[in-house]
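Bear in mind that the values here come from a model prediction, so they are computed numbers and not experimental data.
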Amino acid sequence: MEYYLVINLGLRSIRIILFDKSAHIIERNWYPVQTYIKGDTVEQDTLEWWALCKRLLTEVLGKKKDYRDNLKSITVTTSASCLVALDKNGKVLTRAIMVSDKRASAEATDLKKKKSLRRIFKEANNLASPAFMIPKILWMQNHVPKIANRAHFFLSSNDFLIYKLTGQLVTDPLNAEKFYYDQKKKRYPSEILRFLRLPEESFPKVVPIGTSIGLLSEDLVRLTGISSKTKVVISSYDAICAFVGSGAVHDGDANNVCGTVSSVRAFTKKNVRGKNGLLSQQCNDFRMVGGSNNIDGGLLEWSKGMFYGDTYPDKYVYTIMAEEADESTLGANGLLFLPYLIGERVPFVDHTMRGIFFGLERSHNRADIMRSIFEASGFMAYDILSNIEKIGVKVRNIRMSGGLTASSIACKIRADITGKTVYVTNDPETTSMGALFILLVEDGKYKNLHQAAKLVTFSHVYKPNLKNHRIYMQLFTLFKKIYGQNQVLMIERKRLIDDYLSIAPKVLENL
């Protein structure tokens with residue numbers, strides 16, 4: 001037997017999946033990851049990531065000597081745009097600044113105004129957003145200069161785990177894009193380096209996706225007993241891997257990954273220019289356009305604590321939530337939910353907007369509330385999808401994956417709102433599956449990613465009810481108006497909070 005291992009660090013958990021060459025899951029395990037939140041601050045502990053990663057490697061591969069002896073290769077895929085700072089000795093200086101952290105909002109705005117950086121922001125993929133890495137670094141220089149001055153290397157979470165596995169500072173082009181890496185010139189822009197007063201060596205070396213960068217460190221081989229011949233291969237961040245793992249290989253095939261956030265991307269043969277936060281990207285023989293919002297499955301995690309508490313065991317509560325949502329009616333009996341609990345980044349950027357239940361009446365019950373949350377999740381996906389179509393990519397169908405696919409009501413609502421047929425992947429772990437395909441192609445098992453994608457199968461197909469779709473389109477118009485007409489009030493709310501109110505820090509096991 002030959003084995004391939006994927007380390008997948010998401011926003012809520014870290015997991016390891018061991019596959020065989022036929023994409024069968026041999027072993028898997030996971031642990032939750034804590035998130036530290038206060039106001040605009042969203043952080044995680046990088047040392048916790050690595051401790052849990054080593055624990056998982058030991059537990060999963062320790063089950064059989066055969067796994068360790070015949071492990072061909074390992075790759076890492078994580079959430080994008082989570083900044084890690086290391087000193088000159090590779091020591092972590094502070095917690096990771098997560099993708100949804102908003103502290104660099106002012107820095108992002110200032111960067112776009114700089115005349116010396118105008119060329120950078122002419123590129124559609126280079127967003128002046130606090131979600132990107134350069135605004136985060138500038139925030140550190142402005143607000144925590146003692147830490148910033150000691151920082152010798154700036155990495156993504158993906159790069160950090162690769163570094164801990166191998167001792168090498170290496171990344172892929174799409175993770176590097178979050179640092180405004182210039183893919184045409186194959187370098188980090190000199191304007192950015194000068195502005196930040198940093199050498200190019202502060203950022204990881206960029207290699208193509210699917211590159212074998214070498215072997216595991218000797219210390220890790222001794223700790224885990226993994227074969228010293230096991231290769232480490234560069235893949236990319238989770239939304240990219242999930243798209244590859246969804247089987248979207250024809251023009252107009254879309255993938256909607258419903259994890260903590262929602263990623264919506266469509267396969268295209270066109271070289272389209274992104275707009276409204278949409279990214280036009282290429283992963284080897286896959287060209288795609290789309291992006292990720294701030295929250296999706298995280299809404300259910302929040303709903304569980306808010307509306308269900310500890311009343312039901314975890315293994316039942318999500319089923320109960322879905323069943324109750326199904327008891328309500330289309331439109332949740334007139335209740336609309338604005339789901340921007342932590343603002344939004346695609347297909348629009350708004351750091352101050354927050355959630356709203358609109359039209360709440362005495363007659364509404366918990367089933368209506370849950371229905372409105374499921375529908376809001378569908379509206380967010382449709383918002384991205386419709387913007388993809390506006391830039392010239394006609395979406396034919398949706399390959400849906402992630403935790404929400406366990407709920408048939410979520411899939412039905414997604415089909416009815418979008419008006420597209422929804423194909424649910426057999427295994428919701430399309431992120432790890434896509435990373436596996438990259439390993440299999442590197443190992444010569446498949447000629448390219450298109451061939452590997454034939455391994456994808458589907459468990460359910462949901463056809464849209466077009467009558468429901470027409471009603472949902474009217475509700476979506478109202479949904480967008482609720483957002484538009486409350487922007488000014490949300491800005492005023494934030495000012496009052498900043499001036500007069502105190503927000504207590506929270507530690508969440510799951511976002």
- Task: Salt-bridge test for Lys412 and Asp416: reply yes if a basic N is under 4.0 Å from a carboxylate O, no otherwise.
- Result: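 No.
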Between [X] and [Y], does any side-chain donor sit less than 3.5 Å from a side-chain acceptor?
X: Asn8; Y: Thr431; value: no
X: Gln474; Y: Tyr472; value: no
X: Ser328; Y: Asp368; value: yes
X: Glu323; Y: Tyr316; value: no
X: Ser236; Y: Asp172; value: yes
X: Asn294; Y: Glu344; value: no
X: Thr35; Y: Gln44; value: yes

- Mind checking what makes side chain to side chain donor-acceptor pair (under 3.5 Å) contact with Asn142, not counting sequence neighbours?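 Testing Asn142 for side chain to side chain donor-acceptor pair (under 3.5 Å), a comparison that skips the adjacent residues, returns Glu107.
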Exercise: identify the closest heavy-atom pair between [X] and [Y]:
X: Ile398; Y: Thr418; value: CD1-OG1, 3.6 Å
X: Met140; Y: Ile147; value: CE-CG2, 3.6 Å
X: Phe160; Y: Thr46; value: CE2-O, 3.5 Å
X: Ile384; Y: Pro347; value: CG1-CD, 3.9 Å
X: Phe374; Y: Met321; value: CE1-O, 4.0 Å
X: Ile16; Y: Cys53; value: CD1-O, 4.0 Å

- Query: Which value, rounded to the nearest 0.5 Å, describes the distance between Ile97 atom CD1 and Thr94 atom OG1?
  - Reply: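 If we round to the nearest 0.5 Å, Ile97:CD1 and Thr94:OG1 are 7.0 Å apart.
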Can you find a pair of side-chain heavy atoms, one from [X] and one from [Y], that are under 4.5 Å apart?
X: Leu93; Y: Leu86; result: no
X: Met98; Y: Cys82; result: yes
X: Trp49; Y: Lys54; result: no
X: Glu48; Y: Val33; result: yes
X: Arg371; Y: Glu324; result: no
X: Arg12; Y: Pro32; result: no
X: Gln487; Y: Asp350; result: yes
X: Ile209; Y: Pro173; result: yes

- For the residue pair Phe379 and Phe479, categorise the inter-ring angle as parallel (less than 30°), tilted (30 to 60°) or perpendicular (more than 60°).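 Ring orientation, 0 to 90° scale: tilted.
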- Message: Parallel, tilted or perpendicular: which one describes the rings of Trp302 and Phe337, with boundaries at 30° and 60°?
- Response: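 It falls in the parallel class, under 30°.
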- Message: Does anything in residues 95-147 form a ring-ring contact (aromatic ring centres under 6.0 Å, His included)? List the pairs, not counting sequence neighbours.
- Response: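 ring-ring contact (aromatic ring centres under 6.0 Å, His included) check on residues 95-147 returns Phe121-Tyr180, Phe132-Tyr180, Trp139-His143.
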Pairing residues for [X] by the salt bridge (charged side-chain N to carboxylate O under 4.0 Å, His left out) criterion, not counting sequence neighbours:
X: Asp498; answer: Lys494
X: Glu327; answer: none
X: Glu429; answer: Arg15, Arg28
X: Glu43; answer: Arg95, Arg103

Please check this pair: side chain of [X] against backbone of [Y], looking for a donor-acceptor N/O pair closer than 3.5 Å.
X: Asn468; Y: Pro464; value: no
X: Ser81; Y: Ala131; value: yes
X: Glu375; Y: Leu330; value: no
X: Tyr188; Y: Pro204; value: yes
X: Ser262; Y: Cys258; value: no
X: Thr77; Y: Asp238; value: yes
X: Asn486; Y: Ile482; value: yes

- Distance under 6.0 Å and angle within 45° of ring axis: Arg495 vs Tyr500: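 Not satisfied by the 6.0 Å and 45° rule.
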Using the test side-chain contact (heavy atoms from CB on, under 4.5 Å), find all partners of [X] that sit at least two apart in sequence or belong to another chain.
X: Val261; answer: Leu11, Ser292, Asn293, Arg345
X: Lys185; answer: Arg119, Asp182, Arg187
X: Pro199; answer: Glu201, Ser202

- Message: Would you say the ring centers of Trp50 and Tyr163 fall short of 6.0 Å from each other?
- Response: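 That pair fails the under 6.0 Å test.
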- Please find out if less than 6.0 Å separates the ring center of Phe203 from that of Phe153.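 That pair fails the under 6.0 Å test.
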- Message: Does anything in residues 122-138 form a side chain to side chain donor-acceptor pair (under 3.5 Å)? List the pairs, not counting sequence neighbours.
- Response: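 Every pair satisfying side chain to side chain donor-acceptor pair (under 3.5 Å) with a residue in residues 122-138: Asn125-Glu177.
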- If you look only at pairs with a residue in residues 147-156, which of them pass as a side chain to side chain donor-acceptor pair (under 3.5 Å), with sequence neighbours excluded?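 Those involving residues 147-156 are Ser156-Asp159.
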- Message: If you count heavy atoms of other groups shown closer than 6.0 angstrom to NZ of Lys480, is the number above 12?
- Response: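 Above 12, so yes.
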- Query: Under the side-chain hydrogen bond (donor to acceptor under 3.5 Å, both in side chains) criterion, do Tyr462 and Arg414 qualify, and how do the steps go?
  - Reply: CA-CA 9 Å; Tyr462 295 88; Arg414 196 74 38 122; over 6 Å; no
- side chain to side chain contact (heavy atoms under 4.5 Å, CB included) between Ile356 and Met490, worked out: CA-CA 11 Å; Ile356 297 172; Met490 286 293 178; 3.8 Å; yes
- Where do Asp296 and Ser377 land on the side-chain hydrogen bond (donor to acceptor under 3.5 Å, both in side chains) test, with the steps shown first? CA-CA 6 Å; Asp296 191 10; Ser377 171; 2.4 Å; yes
- Item | Single hit among Thr425, Asn256, Thr430 for side-chain hydrogen bond (donor to acceptor under 3.5 Å, both in side chains) with Ser401 |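 Exactly one candidate clears the test, Thr430.
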Below 3.5 Å, can you tabulate the donor-acceptor pairs from side chains in residues 402-409 to any protein atom, sequence neighbours excluded?
residue	atom	partner	partner atom	Å
Thr405	OG1	Gly402	O	2.6
Ser407	OG	Ala410	N	3.3

- Working for side chain to side chain contact (heavy atoms under 4.5 Å, CB included), residues Ser280 and Arg273: CA-CA 6 Å; Ser280 181; Arg273 180 179 173 83; over 6 Å; no
